[in-house]
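Source: prediction; values computed, not measured.
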Amino acid sequence: MISLMISEFAFGQVKKDTLDKEYKLEVTPYKAEKKEKPYPLSKKGQTFVFFGWNRGAYSNSDIHFTGNGYDFQLNNVSARDRPTKFGIVYFDPAWFTVTQYNFRVGYFIKDNLALVLGIDHMKYVMKQNQTVDFSGYISDPKYAAMVHNGQVNLSDEQFLTFEHTDGLNYENLGLEKYKNLIHKKNIDLVWSYGAGLGVMFPKSNIKLFGNERSDRFHVAGMGTDVRSSLNLVFWKNWMIRAEAKAGYINMWDIKTTLNNKPDKARQDFVFGEIFAGIGYTFNTKKYN
């Protein structure tokens with residue numbers, strides 16, 4: 001009897017210890033997955049807007065004029081831009097189109113790749129004080145007499161004034177690749193590069209042979225460019241953008257007279273442009 005009681009007690013003790021070991025639950029403290037905010041100008045779905053001001057430079061170009069009683073070309077015509085004198089006009093919304101300005105809207109179609117719609121409002125002014133080579137014919141004896149030894153002097157403005165000052169509008173669509181160079185708590189530096197293609201929609205101010213000045217918007221040709229920019233983003237949303245671009249413009253239908261006359265000019269040239277301004281990025285506060 002004593003032996004039986006001892007064995008039962010020992011068996012019960014082993015069973016209890018085994019059950020404690022088999023059914024003991026271990027509780028692990030829960031650690032929430034850390035979520036990080038995406039870099040600005042980096043993630044699909046992010047957008048940005050930008051407004052700034054530019055300076056431009058243009059290669060010499062040959063300008064070909066055709067119309068009733070004339071068909072001629074001026075060779076190696078030089079031109080420059082015409083920046084507005086700095087003042088309140090740069091900040092007054094009622095006058096912003098007077099300046100040489102740039103506008104951008106960008107949308108990231110993939111991570112680090114943005115589709116960018118842009119307007120480059122440049123200004124192109126033929127230098128008046130120059131003598132250029134002439135080829136072709138003019139039936140009007142008054143203006144034909146202004147050609148001497150295959151050249152014409154443009155300085156007195158009687159023969160021609162030629163500008164795209166309201167302006168040389170390049171309306172373009174581009175693809176831009178973005179890469180984050182510096183990422184700090186409230187500062188990011190982002191580099192981009194890309195290319196664009198668009199239409200030329202100038203308002204050309206042209207006065208030829210004493211005719212009434214042509215001054216109207218018109219789709220005159222096309223342009224293309226390559227570009228690169230540095231974007232300083234602060235407080236996750238605001239950005240300062242500086243961009244440089246080089247491109248080619250071909251305008252084959254420049255209106256030179258009014259009243260829908262067939263008179264027109266054509267020219268092509270290479271351009272360079274630098275601009276800077278301020279912008280704002282969206283959707284940079286959302287977590288991944």
Side-chain angles (χ1 to χ4, degrees), residues 41 47-59 79-107 114-127 162-176 178 190 192-206 215-234 237-251 254 267 269-282:
L41 303 177
T47 59
F48 69 86
V49 293
F50 166 86
F51 185 87
W53 301 273
N54 70 67
R55 290 298 308 267
Y58 312 103
S59 66
R80 57 177 175 81
D81 67 347
R82 181 183 286 170
T84 305
K85 185 178 180 181
F86 186 78
I88 191 63
V89 67
Y90 279 83
F91 307 101
D92 187 344
W95 292 93
F96 79 93
T97 59
V98 173
T99 64
Q100 296 181 178
Y101 71 86
N102 298 76
F103 178 73
R104 296 279 185 276
V105 177
Y107 176 77
L115 186 66
V116 182
L117 177 66
I119 299 173
D120 293 28
H121 179 81
M122 300 177 283
K123 295 187 179 184
Y124 176 103
V125 182
M126 181 188 75
K127 294 179 181 178
F162 189 92
E163 305 176 358
H164 309 294
T165 47
D166 285 328
L168 183 66
N169 299 309
Y170 174 41
E171 303 186 4
N172 56 89
L173 188 66
L175 278 175
E176 297 178 0
Y178 286 75
V190 186
S192 79
Y193 60 92
L197 179 70
V199 298
M200 302 306 303
F201 191 60
K203 189 177 184 183
S204 303
N205 303 322
I206 299 169
D215 187 3
R216 52 179 162 156
F217 288 107
H218 180 69
V219 176
M222 296 190 71
T224 186
D225 74 90
V226 292
R227 77 270 304 254
S228 181
S229 74
L230 282 174
N231 304 271
L232 183 65
V233 184
F234 50 98
N237 293 96
W238 293 96
M239 72 176 184
I240 296 174
R241 182 182 181 102
E243 183 171 317
K245 67 165 49 177
Y248 169 73
I249 288 173
N250 190 325
M251 294 187 291
I254 303 167
Q267 69 175 151
F269 53 88
V270 173
F271 75 95
E273 184 187 5
I274 56 173
F275 58 87
I278 192 165
Y280 192 85
T281 69
F282 299 87

Could you tell me whether a side-chain N or O of [X] sits under 3.5 Å from a main-chain N or O of [Y], the two making a donor and an acceptor?
| X | Y | result |
| --- | --- | --- |
| Q100 | R82 | yes |
| N231 | V190 | yes |
| S228 | S192 | yes |
| N237 | T281 | yes |
| S204 | I254 | no |

Verify whether the ring centers belonging to F271 and Y124 lie closer than 6.0 Å. no
Let me see the working for F48 and V116 under side-chain contact (heavy atoms from CB on, under 4.5 Å), right down to the final yes or no. CA-CA 9 Å; F48 69 86; V116 182; 4.1 Å; yes
How many angstroms lie between [atom1] in [X] and [atom2] in [Y], if you round to the nearest 0.5 Å?
| X | Y | atom1 | atom2 | value |
| --- | --- | --- | --- | --- |
| M200 | E171 | CE | CD | 9.0 Å |
| I278 | R241 | CD1 | CZ | 13.0 Å |
| D120 | F103 | CG | CZ | 12.0 Å |
| N169 | K123 | CG | NZ | 10.0 Å |
| Q267 | N250 | CD | CG | 9.0 Å |

So which heavy atom on [X] is nearest to which on [Y], and how close?
| X | Y | answer |
| --- | --- | --- |
| T99 | H121 | O-CD2, 3.0 Å |
| A114 | Y178 | CB-CE1, 3.8 Å |
| G196 | T224 | O-OG1, 2.9 Å |
| A276 | F50 | C-CZ, 3.9 Å |
| R104 | G118 | NH1-CA, 3.6 Å |
| L197 | G223 | CD1-O, 3.4 Å |

Walk me through it: do W238 and Y280 pass the test side-chain contact (heavy atoms from CB on, under 4.5 Å)?
CA-CA 5 Å; W238 293 96; Y280 192 85; 3.6 Å; yes
- Should E273 and N102 be marked as a side-chain hydrogen bond (donor to acceptor under 3.5 Å, both in side chains) after you check the CA-CA gap, both sets of side-chain angles, and the distance that decides it? CA-CA 11 Å; E273 184 187 5; N102 298 76; 2.8 Å; yes
By side-chain hydrogen bond (donor to acceptor under 3.5 Å, both in side chains), R80 pairs with (sequence neighbours left out) none
Measure the shortest side-chain to side-chain distance between [X] and [Y] over non-hydrogen atoms and say whether it is less than 4.5 angstrom.
| X | Y | value |
| --- | --- | --- |
| F269 | M251 | yes |
| T47 | V105 | no |
| Y58 | D81 | yes |

Residue pairs meeting salt bridge (charged side-chain N to carboxylate O under 4.0 Å, His left out), one or both in residues 218-229, sequence neighbours left out, come to E176-R227, D225-R227, D225-K245
**Prompt:** Under the side-chain contact (heavy atoms from CB on, under 4.5 Å) criterion, do M222 and N172 qualify, and how do the steps go?
**Reply:** CA-CA 9 Å; M222 296 190 71; N172 56 89; over 6 Å; no
Exercise for the section: Go through the steps for F234 and I240 under the test side-chain contact (heavy atoms from CB on, under 4.5 Å), then give the verdict. Expected result: CA-CA 8 Å; F234 50 98; I240 296 174; 3.8 Å; yes
From the list Y170, F275, F51, ring pair (Phe, Tyr, Trp, His ring centres under 6.0 Å) partner of Y101 resolves to F51
